[in-house]
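For reference, positions follow the sequence shown, starting with 1. Given the structure is predicted, the values throughout are model-derived calculations rather than measurements. Keep in mind that the numbers below use all heavy atoms, side chains included, and drop hydrogens, waters and symmetry copies.
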Amino acid sequence: MDDEADEFDSEESLESVFKSAANYVRQIGSKLDADKLLYFYARFKQANEGTCATAKPGFFDFQGKQKWDAWKKLGDMSKKEAMLEYVSLLTNIEPEWQDKMQSGAEGGDSQGQRESLKNVMGVSVSTMVCPDEQLTDQQKTIFHWCQEGNMDKVKAMLTSEGHQINEKDSQGMGLLHWASDRGLVDMVTMLLDSGADINLQDSDGQTALHYAVSCEHRNVVETLMARHADVTVTDSDGSTALDLASDDMKELLQSESGVG
């Protein structure tokens, strides 16, 4: 760890690399297994908020408890160590990630790439992925394509295969839930423009806003709020999106909705 720390000549240099790493992880989140997602999540929270001081999620919030436990286990780990471990794991997984980020910034022409470079967010782990699931393109459903951010495929399947915009998968989640969970703001916008119910509730009663707030995808939250998402909808535990929000997210929700 000391050798890695020597690579950064200042705290500002480390923070800059960490922010780029967090942005890159957000882009590849759908390809990572659950353990790695939790590892990244915990260190992102530790680096940005310090020691976990939030209340443990309720009994029925299994995924919330996983995230909370991963963060809580870091104890009083320093911000610097959390950032170093975050960057270290990403470098082990994808040694050339910085070159790819630079190439994407210079040559990428999609709005999604430009938006992600401007908004450094934590990695989404509210819905875990299966590391053993390797599907061919023919096996993928509209929900898989949505998770991967492939808008062309989703649009085509909505148009040609008779899929309903508000249908739910075997996990009780709609397309808008998945797009919000993954932080895919362009996909969220497309689905809303196509008639997706912004307040559609999953099997646990959560809306897309619950997902976006929980994962701290600020750009998605802003998009949903601009489309008048209902902040008063409660899930099966009686929690609104505001109840799940960090201080920053609460401030955003309150300013956009007028709810105190």
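For the pair His177/His210, no side-chain contact is recorded, criterion being any heavy-atom separation below 4.5 Å from C-beta on. Side chains of Leu209 and Val220 form no contact here, defined as non-hydrogen atoms less than 4.5 Å apart. Counting only heavy atoms from C-beta outward, the side chains of His217 and Tyr211 never approach each other to under 4.5 Å. In this structure, the side chains of Gln98 and Ser20 stay at 4.5 Å or more apart for every pair of heavy atoms. With contacts defined as side-chain heavy-atom distances shorter than 4.5 Å, the pair Ile198/His228 does not qualify. In this structure the side chain of Val154 reaches within 4.5 angstrom of the side chain of Met190, judged on heavy atoms. When side chains are defined from C-beta on, Val231 does not count as touching Leu242, because their heavy atoms never get closer than 4.5 Å. Leu200 places none of its side-chain heavy atoms less than 4.5 Å from the side chain of Leu176.
For the atom pair CG (Leu38) and CD (Gln66), the distance works out to 5.5 Å, reported to the nearest 0.5 Å. To the nearest 0.5 angstrom, Phe40 atom CZ is 4.0 Å from Leu89 atom CG. Expressed to the nearest 0.5 Å, how far CH2 of Trp71 lies from CZ of Phe44 amounts to 10.5 Å. With rounding to the nearest 0.5 angstrom, the NZ atom of Lys72 is 8.0 Å from the OG1 atom of Thr51. Rounding to the nearest 0.5 Å gives a distance of 13.5 Å between CE of Met187 and OG1 of Thr223. Rounding to the nearest 0.5 Å places CG of Leu191 at 12.0 Å from CG of Asp197.
The closest donor-acceptor contact from the side chain of Gln46 to the backbone of Gly75 lies under 3.5 Å. With hydrogens and angles disregarded, no donor-acceptor distance shorter than 3.5 Å links the side chain of Asp237 to the backbone of Ser239. Side-chain N or O atoms of Thr207 include none that pairs as donor or acceptor with a backbone N or O of Asn199 at under 3.5 Å. Under a 3.5 Å cut-off, the side chain of Ser255 and the backbone N or O of Leu252 do form a donor-acceptor pair.
Between Leu224 and Ala212, the closest heavy-atom pair is CD1-CB, 4.1 Å. Of all heavy-atom pairs between Ala47 and Phe18, the closest is CB-CZ, 3.7 Å. Between Val87 and Ala21 the shortest heavy-atom distance is CG2-CB, 4.1 Å. Contact record, Gly195 with Ile165: O-CG2, 3.8 Å, taken as the closest heavy-atom pair. Nearest heavy-atom pair across Cys146 and Leu184 is O-CD1, 3.2 Å. For the residue pair Leu175 and Phe143, the shortest heavy atom distance occurs at CD2-CD2, 3.6 Å.
Both Met83 and Trp97 are members of a single hydrophobic cluster when ILVMFWY side chains are connected at heavy-atom separations under 4.5 Å. One hydrophobic cluster, built from ILVMFWY side chains closer than 4.5 Å, holds both Tyr39 and Leu90.
Within 6.0 Å of CG on Asp76 lie no more than 12 heavy atoms contributed by other residues, nucleotides or ligands. Atom CG of Asp247 sits in a sparse spot, with 12 or fewer heavy atoms from other residues, nucleotides or ligands closer than 6.0 Å. In Glu167, the CD atom is crowded: over 12 heavy atoms of neighbouring residues, nucleotides or ligands sit closer than 6.0 Å.
One side chain, Ser214 or Lys67, offers a donor N or O that lies under 3.5 Å from an acceptor on the other. Between Thr232 and Asp230, the side chains place a donor N or O and an acceptor N or O closer than 3.5 Å (distance only, hydrogens not considered). Side-chain polar atoms of Asp243 and Thr240 form a donor-acceptor pair below 3.5 angstrom. For the 3.5 Å distance criterion, the side chains of Glu94 and Tyr24 qualify, holding a donor opposite an acceptor.
Using a cut-off of 4.0 Å between Lys/Arg side-chain N and Asp/Glu carboxylate O, Lys140 and Glu148 are scored as salt-bridged. Ion pairing of Lys45 with Glu49 is present here, as a side-chain N (NZ or NE/NH1/NH2) and a carboxylate O approach within less than 4.0 Å. Comment: Asp193 engages Arg227 in a salt bridge, judged by a side-chain N to carboxylate O separation of less than 4.0 angstrom. By the 4.0 Å N-to-carboxylate-O rule, Glu15 lies too far from Lys19 to be salt-bridged with it.
With sequence neighbours left out, the side chain to side chain contact (heavy atoms under 4.5 Å, CB included) criterion links Asn150 to Trp145, Asp152, Lys153.
Within the hydrophobic cluster formed by Ile, Leu, Val, Met, Phe, Trp and Tyr side chains joined at under 4.5 Å, directly or through other members, Leu74 is accompanied by Met77.
By the 6.0 Å and 45° rule, Arg43 does not stack over the aromatic ring of Tyr41.
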Could you give me the CA-CA distance, side-chain angles and deciding distance for Leu32 and Ile28, then say whether side chain to side chain contact (heavy atoms under 4.5 Å, CB included) is met? CA-CA 7 Å; Leu32 299 174; Ile28 65 170; 4.2 Å; yes
